[in-house]
> 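One structure, pasted below without further comment.
Side-chain atoms are counted along with the backbone in the values below, which use heavy atoms only and exclude waters and symmetry mates. From a predicted model like this one, the values you see are computed outputs, not experimental measurements.
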Amino acid sequence: MAAFRRVLRPIAATGRAYGRAFTAVVSEGDPRAAVFPRKHQADPPKPQQGNVQWVFLGCPGVGKGTYASRLSHLLGVPHIATGDLVRDELAQSGPLAHQLEGIVNQGKLVPDGIIMSLLSQRLENGQARGESGFILDGFPRTIKQAEILEGVTEIDLVINLKLREDVLVAKCLGRRICGQCGGNFNVASINIEGENGTPGIYMAPLLPPPHCASKLITRADDTEEVVKERLRIYNYMSRPVEDFYRARGKLLEFHLPGGIPESWPKLLEVLNLEDHDDKQSAAA
């Protein structure tokens, strides 16, 4: 844990106030959860660029990496995905690769000790490069991990992305990677009509450009059996982490209303952020 103590900083007072500003924020029109009382509550302070320590929670395949990456670019902080750290270790045949291979292929959660080792090394390397702040994606996944993290730093905000399970499974089974450039795509076309007061949801496929179309591959762990096992394990082990941060007033729950075009502007709105590049591209 020494590396964590050297790398992770205590947050500023404004960060703590920002974290306390949220309890349960969801997409508009979702009757199953609380609504953010904008008219009765002052807007939260704008996050300072390069000075946030955020966590993204959510089931496998919900889109944590997509939205964490966008916010990383917008705020100028590194996006650290523990899933990517594991895959990099496997690809580079690192010292933990043999142990990780069986765990990943069976859809099991990677043990705390391995995750802590990989994350500690990543943070230490980032400090050497002058990085400030972070957005963690896929960590913490257990109460034990959350307690370890809390013992060395305060987290400003925990963004918990929500999406119904049938959509999650379809999204995971539609994921594709270009074997040449490494680009991520999704061939699933999701269009579920609303019924009995539950809103519908539409997610267009994210198709590859022509030069990548013939080079698409599927991740070995993206089978229906493995995907459902990952969701089962997540629900059993990681849901208590939501309660951990909810009790501390740092949990922002956001029900994705659709794909990126529908969800990104609403997420920025509740975070009190603006994406000027996104506005310019939309106006072009």
Side-chain angles (χ1 to χ4, degrees), residues 1-12 15-16 19 47-60 64-69 71-73 75-161 182 221 230 233-234 237-238 240-242 244-245 248 250-251:
M1 302 307 149
F4 273 89
R5 294 190 180 280
R6 289 196 301 271
V7 174
L8 300 183
R9 61 169 176 79
I11 66 168
R16 285 192 291 272
Q48 297 179 6
Q49 189 170 27
N51 192 37
V52 302
Q53 293 184 176
W54 288 358
V55 166
F56 262 83
L57 297 180
C59 290
K64 296 187 298 295
T66 298
Y67 295 101
S69 178
L71 287 170
S72 166
H73 290 298
L75 294 171
V77 296
H79 166 215
I80 302 174
T82 52
D84 289 343
L85 297 181
V86 169
R87 284 186 282 274
D88 288 345
E89 184 75 4
L90 288 168
Q92 297 169 14
S93 299
L96 299 173
H98 180 71
Q99 187 176 356
L100 282 168
E101 186 172 6
I103 296 171
V104 171
N105 289 340
Q106 294 176 46
K108 296 181 178 179
L109 288 179
V110 178
D112 288 347
I114 295 179
I115 289 294
M116 299 299 290
S117 177
L118 294 173
L119 183 56
S120 177
Q121 186 61 53
R122 169 62 183 84
L123 291 170
E124 200 168 53
N125 293 340
Q127 184 189 42
R129 294 193 294 268
E131 291 179 350
S132 172
F134 55 78
I135 295 178
L136 295 182
D137 168 4
F139 182 92
R141 298 182 71 171
T142 65
I143 289 293
K144 182 179 178 181
Q145 291 177 353
E147 290 173 343
I148 292 171
L149 191 59
E150 185 179 56
V152 295
T153 192
E154 282 198 65
I155 296 298
D156 301 6
L157 182 68
V158 178
I159 302 168
N160 186 28
L161 299 183
D221 57 337
R230 284 203 302 262
I233 293 174
Y234 179 87
M237 295 190 66
S238 297
V241 178
E242 300 174 10
F244 180 90
Y245 286 113
R248 286 154 176 77
K250 296 183 178 181
L251 188 71

> CD of Gln99 to CD of Glu101: how many Å apart, nearest 0.5 Å?
12.0 Å

> I need the minimum non-hydrogen distance between Phe139 and Ile115, along with the two atoms involved.
CD1-CG2, 3.5 Å

> Hey, is the main chain of Asp112 close enough, under 3.5 Å, to the side chain of Lys144 for a donor-acceptor pair?
no

> To the nearest 0.5 Å, how far apart are CG in Leu75 and NE2 in His73?
11.5 Å

> How long is the span from the CG atom in Leu57 to the CZ atom in Phe244, to the nearest 0.5 Å?
11.0 Å

> Please list, chain by chain and in numerical order, all residues satisfying side chain to side chain donor-acceptor pair (under 3.5 Å) with Arg141, sequence neighbours excluded.
none

> Could you grab the distance from atom CZ of Phe56 to atom CG of Leu136, nearest 0.5 Å is fine?
11.0 Å

> Of the non-hydrogen atoms in Val241 and Pro140, which two are nearest, and what is the gap between them?
CG1-O, 4.0 Å

> Counting heavy atoms not belonging to Glu150, are there more than 12 under 6.0 Å from its CD?
yes

> Taking side chain to side chain donor-acceptor pair (under 3.5 Å) as the definition, give me every residue that meets it alongside Asn105, ordered by chain and number, with sequence neighbours left out.
none

> Are the side chain of Ser72 and the backbone N or O of Val77 linked by a donor-acceptor pair below 3.5 Å?
yes

> Mind listing the closest non-hydrogen atom pair of Asp221 and Arg230 along with its distance?
O-NH1, 2.9 Å

> What donor-acceptor contacts under 3.5 angstrom involve side-chain atoms of residues 78-91, with partners at least two apart or in another chain?
residue : atom : partner : partner atom : Å
His79   : NE2  : Asp137  : OD2          : 3.0
Thr82   : OG1  : Asp137  : O            : 3.4
Thr82   : OG1  : Gly138  : O            : 3.1
Asp84   : OD1  : Arg87   : NH2          : 3.1
Glu89   : OE2  : Leu96   : N            : 3.1

> Side chains of Arg248 and Val158: closer than 4.5 Å at any heavy-atom pair?
no

> Atom OG in Ser132, atom CD in Gln53: separation rounded to 0.5 Å?
8.0 Å

> Side chain of Tyr245, backbone of Ile159: donor and acceptor closer than 3.5 Å?
no

> To the nearest 0.5 Å, how far apart are CD1 in Ile135 and CG in Asp156?
10.0 Å

